[in-house]
Amino acid sequence: MNYEKELKRLNEYQREAVLDESDACVVNANVGSGKTTVLISKIVYLHYAKDISYKDMIVLTFTNKAANEIKERLMASDESIKAEELEGFGTFHSVALHLLKEVLPIEKIRYEKDFLVIEPDEELDIALQIIQEEKLKIKYKNRLKKRLEQAMIIEKEEEKISTYDDDIFKLAELLKEEKIKQNKMSFSDILQNANLLLGEHKIEPKWIIIDEVQDSDKIQLDFIDKLKGENTKLFAVGDPNQVIYSWRGSSLNVVYTLKHKYNAKELSLPINYRSSNAILEAARCFQQNGSLLMGARETENKIIVKNHYNPFNEACYLVDKIKEIHKSGVPYKEIAIFYRLQDQSQVFEDVFLKNDIPFEVSMKKTISHSPVLNWMIKLFRFCVNPNDFSSAIYVLSNKEYGEKITEKTARKIVKEQNIIKSELLEKMHEFLNKCSEIKIAEEIYNYFEFDKYIKPTSATYIDDKEAIDALLDIIIEYVKEKQMPFLDGLREFINSSALYGVNILKKDISSDIDSVKLMTLHASKGLEFSYVFITGVNYGLIPLHTRDMEEEEEQRLFFVGITRAKDYLELSYYTNPDYQKAAPGESRYIHMIPEKLIQNDKVKNNNVNLQELKKQIQEAKAKGNKEEISANEAVELPVVEEINEASIKQVSHKKYGTGKVLKEDDMMIEVEFEKYGVKEFIKAFSELEFL
DNA sequence: CGCATGTGGATTTTT
DNA sequence: TCCACATGCG
């Protein structure tokens with residue numbers, strides 16, 4: 001094995017991390033510093049130099065993508081690895097799932113080995129059914145999910161008093177019982193139950209290696225802690241500058257916590273191999289963590305700052321720009337466009353489609369996003385598990401597909417197993433006996449006579465049929481690959497599809513496809529591109545303001561976006577944004593970048609697209625919009641746009657009339673109105689018009 | 001059913 | 001801030 005050769009290729013910091021032997025070690029890995037390379041080298045080094053079997057290592061990541069990348073790169077570097085040796089390699093959830101299925105004494109918590117994993121929606125369905133059956137009094141059912149989550153956290157009996165005087169705690173308990181009865185676990189149950197059992201039943205691997213630790217939440221940290229034995233060594237890699245998911249529970253000081261809890265040694269990987277100097281220098285302006293960020297590349301390319309009249313104009317500009325870049329020999333896949341909000345992609349999609357620019361939008365669409373497939377999966381769920389009443393009721397009483405009977409009758413016939421009343425229920429019951437000989441997808445389709453239940457007359461019929469065919473093919477292939485009897489294969493497929501999501505609706509977003517990538521700043525984490533356009537760097541949009549937002553996180557998000565760029569970075573803002581949240585003018589973040597790094601391509605006479613303007617005006621009129629824009633005013637707007645920071649801003653409010661701005665920051669604005677006195681507004685919500 | 005009052009969400013997303 | 005939605009009373 002040539003791991004020694006690999007080691008020589010690393011820089012001194014990387015090598016130190018790989019060779020480190022402390023009981024616990026946290027590596028502060030900067031953006032683009034070869035974090036994955038270090039992880040893989042570490043694993044290979046431990047295996048070959050320290051003679052540690054892959055089976056004695058647990059390697060944890062947060063996404064399947066990251067897990068697959070590690071596994072693939074490992075298998076590529078060492079052909080002797082067998083897939084089953086890497087069972088401890090994967091996401092937190094998949095490793096916990098594996099432990100529950102194969103190692104831990106799951107019967108102690110009254111589950112059976114063949115339990116199913118359910119998605120949040122299904123858990124909610126079960127909860128709603130319990131409410132109905134037990135006639136519970138639950139208020140605010142529209143917020144049920146959140147309320148249940150909160151109820152679960154409270155453990156002390158005496159504190160279990162509902163704020164709304166209803167049965168929420170009783171429901172939480174019944175739900176827990178019902179899930180055990182139906183042998184189902186939600187995503188969070190997987191980790192929680194694993195934690196519960198690991199307290200008694202020790203695994204004690206020799207090494208625990210964690211990627212992107214900064215994203216861990218409390219349960220995940222607990223999982224690490226429970227997994228770790230006396231002699232287990234810990235190696236964690238992460239970057240405190242890339243914490244952009246604290247809103248979904250990752251604690252901010254994970255690195256600090258680990259350091260103190262396990263007395264961990266702290267190392268760092270300071271050298272960035274990805275970006276050009278100007279990009280790195282700009283990125284440093286948004287770095288909060290004081291760690292060193294060193295560049296390794298000589299190229300000096302300025303950062304472009306541009307303004308556009310509105311998103312539509314920008315999309316048109318980008319079409320030309322992308323074509324120009326592509327002509328110069330850059331493949332489309334090296335170009336990416338980032339934005340803050342999902343909605344912002346629409347304009348780009350429309351304009352690119354019209355102008356033949358190949359593109360992909362990064363949005364996860366899996367089975368649960370397709371109503372038919374969702375329905376069909378529930379159908380199979382009941383087929384393989386006849387106790388799964390909730391799925392059967394869903395299948396029979398769905399409003400789009402199936403027999404469309406009322407929920408009440410559906411519940412009745414399912415409970416009574418009254419197959420005479422429902423042909424579809426009979427088919428599902430009989431499927432167990434008839435499916436053993438199934439070899440091709442068509443047999444399943446014909447057995448159920450799906451045409452009957454998805455209706456050839458409906459508008460979505462063609463898409464639905466295609467989706468069903470695709471899923472059936474995938475199932476058949478899956479079963480063939482596993483070399484299992486059809487029923488076992490189907491059961492396992494349904495079990496895993498919930499956790500891994502099968503990409504049926506979306507073409508592979510693999511970087512092989514040569515297309516421009518459109519995504520939110522959040523989705524860009526972990527990727528890199530030669531050309532990066534960050535759009536809508538507007539006042540009010542980046543940073544996006546809400547009441548309890550942590551400003552710092554928005555800065556880190558912008559940092560992540562900037563550091564995706566290898567060679568070319570263009571920031572743009574709108575002078576007349578269509579989005580409600582955005583105010584005209586550039587974000588404060590643009591001023592945080594030193595001017596010497598910036599090439600300001602401010603367009604004075606914006607070539608306003610007249611046709612688009614006309615359309616907008618017509619739309620505005622059609623809506624009976626209060627702010628009637630006359631064609632003249634609108635055309636003048638981009639020229640009028642001149643931000644005069646020094647002068648006192650005059651504003652008008654639809655209720656309070658005109659007034660002058662007293663105080664203004666990113667969040668709040670204070671205005672003294674002529675007739676109403678001083679009022680304070682949260683900027684993102686105030687409909688103030690700047691005069 | 002109509003109306004007054006109460007409540008919290010607004011944005012990002014993985015398993 | 002402003003909106004949607006749920007609740008509860010008459």
Side-chain angles (χ1 to χ4, degrees), chain A residues 60-67 90-98 117-123 137-147 150 163-166 185-192 194 211-212 215-217 219-220 223 242-250 338-345 362-369 495-502 519-526 536 540-551 553-554 556-558 560-561 579-582 653-656 667-669 671 679-688:
Chain A
L60 299 169
T61 64
F62 283 85
T63 61
N64 284 308
K65 205 178 147 197
T91 60
F92 277 87
H93 289 85
S94 66
V95 171
L97 181 65
H98 171 247
V117 179
I118 54 170
E119 298 211 19
D121 280 353
E122 199 180 331
E123 190 175 18
K137 184 179 153 203
I138 298 289
K139 289 184 180 174
Y140 293 105
K141 286 204 204 64
N142 57 331
R143 289 196 285 271
L144 185 59
K145 206 184 148 197
K146 201 150 206 188
R147 294 202 58 208
Q150 279 169 1
T163 7
Y164 306 115
D165 183 32
D166 62 5
M185 283 192 207
S186 70
F187 290 133
S188 55
D189 291 338
I190 295 174
L191 281 178
Q192 265 160 11
D211 188 17
E212 309 252 30
D215 285 333
S216 329
D217 63 23
I219 302 176
Q220 283 155 339
F223 182 65
Q242 289 190 71
V243 178
I244 56 173
Y245 286 119
S246 64
W247 46 271
R248 61 170 203 225
S250 76
F338 301 158
Y339 36 81
R340 178 60 236 257
L341 306 177
Q342 295 275 17
D343 293 352
Q344 290 173 258
S345 72
S362 132
M363 260 207 274
K364 212 196 158 190
K365 278 195 176 152
T366 51
I367 287 176
S368 59
H369 293 91
N495 197 4
S496 64
S497 70
L499 193 57
Y500 300 115
V502 176
M519 63 186 82
T520 60
L521 285 166
H522 282 88
S524 75
K525 191 170 167 232
L541 204 52
I542 296 178
L544 184 78
H545 294 296
T546 57
R547 187 201 300 251
D548 49 24
M549 242 323 287
E550 272 188 71
E551 223 293 312
E553 181 136 326
E554 291 286 305
R556 290 192 294 266
L557 184 62
F558 198 58
V560 167
Y579 311 109
Q580 294 162 343
K581 311 220 176 260
H653 186 271
K654 65 180 176 191
K655 194 168 155 196
Y656 301 128
M667 181 89 137
M668 305 294 294
I669 183 162
V671 183
K679 299 268 175 196
E680 218 180 4
F681 302 92
I682 292 176
K683 229 172 181 177
F685 301 110
S686 66
E687 276 169 22
L688 290 173

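In what follows, every chain begins at residue 1, and chains take the letters A, B, ... in the order their sequences are listed.
For the pairing with Phe223(A), the side chain to side chain contact (heavy atoms under 4.5 Å, CB included) check across Asp217(A), Ile190(A), Leu191(A) returns one residue only, Leu191(A).
Of the possible donor and acceptor atoms, one in the side chain of Glu553(A) sits under 3.5 Å from a partner among the backbone N and O of Ser246(A).
Ser186(A) has no side-chain polar atom (N or O) that falls below the 4.0 Å cut-off from OP1 or OP2 of dT15(B). Taking side-chain N and O atoms only, Asn64(A) has no distance below 4.0 Å to OP1 or OP2 of dT14(B). Distances shorter than 4.0 Å separate some side-chain N or O of Gln342(A) from OP1 or OP2 on dT13(B). Contact check, Lys139(A) against dG8(C): a side-chain N or O comes under 4.0 Å of OP1 or OP2.
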(request) Start with the C-alpha gap between Asp215(A) and Gln220(A), add the side-chain angles, then the distance that decides, and say whether side chain to side chain contact (heavy atoms under 4.5 Å, CB included) holds. (result) CA-CA 9 Å; Asp215(A) 285 333; Gln220(A) 283 155 339; over 6 Å; no
(request) Kindly determine whether Thr520(A) and Tyr339(A) satisfy side chain to side chain contact (heavy atoms under 4.5 Å, CB included), including the steps that lead there. (result) CA-CA 5 Å; Thr520(A) 60; Tyr339(A) 36 81; 3.9 Å; yes
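Following rounding to the nearest Å, Arg143(A) (CZ) and dA10(B) (C1') show an atom-to-atom distance of 13 Å. Atom CD of Glu212(A) is separated from atom C1' of dT13(B) by 14 Å (rounded to the nearest Å). Rounded to an integer number of Å, the gap from CZ of Phe338(A) to C1' of dT11(B) is 18 Å. Between Arg147(A) atom CZ and dT7(B) atom P the separation is 11 Å, expressed in whole Å. Atom CG in Leu191(A) sits roughly 8 Å away from atom C1' in dT15(B) (whole-Å rounding). Residue Lys137(A) contributes atom NZ, which lies 11 Å from atom P of dT7(C) at whole-angstrom precision. With rounding to whole Å, Arg340(A) atom CZ is found 11 Å from dT13(B) atom C1'. Across the protein-nucleic acid pair, Ile244(A) atom CD1 and dT14(B) atom P stand 10 Å apart, rounded to whole Å.
Comparing dC3(C) with dT11(B), their P atoms are spaced 14 Å from each other, to the whole Å.
Within 4.0 Å of Lys146(A), counting heavy atoms only, lie sugar-phosphate atoms of the nucleic acid but no base atom. Residue Tyr245(A) is in sugar-phosphate contact alone, with no base atom involved, counting any heavy-atom pair closer than 4.0 Å across all strands shown.
In terms of position on DNA chain B, the residue among Pro120(A) and Leu341(A) whose nearest nucleotide sits closer to the 5' end is Leu341(A).
Taking the six-membered ring for Trp and thresholds of 30 and 60 degrees, Phe187(A) and His93(A) have ring planes more than 60 degrees apart, a perpendicular arrangement.
Among dT12(B), dT15(B), dT11(B), the nucleotide with an atom closest to any side-chain atom of Thr91(A) is dT15(B). For Tyr140(A), counting side-chain heavy atoms from C-beta on, the closest listed nucleotide (dG9(B), dT7(C), dT13(B)) is dT7(C).
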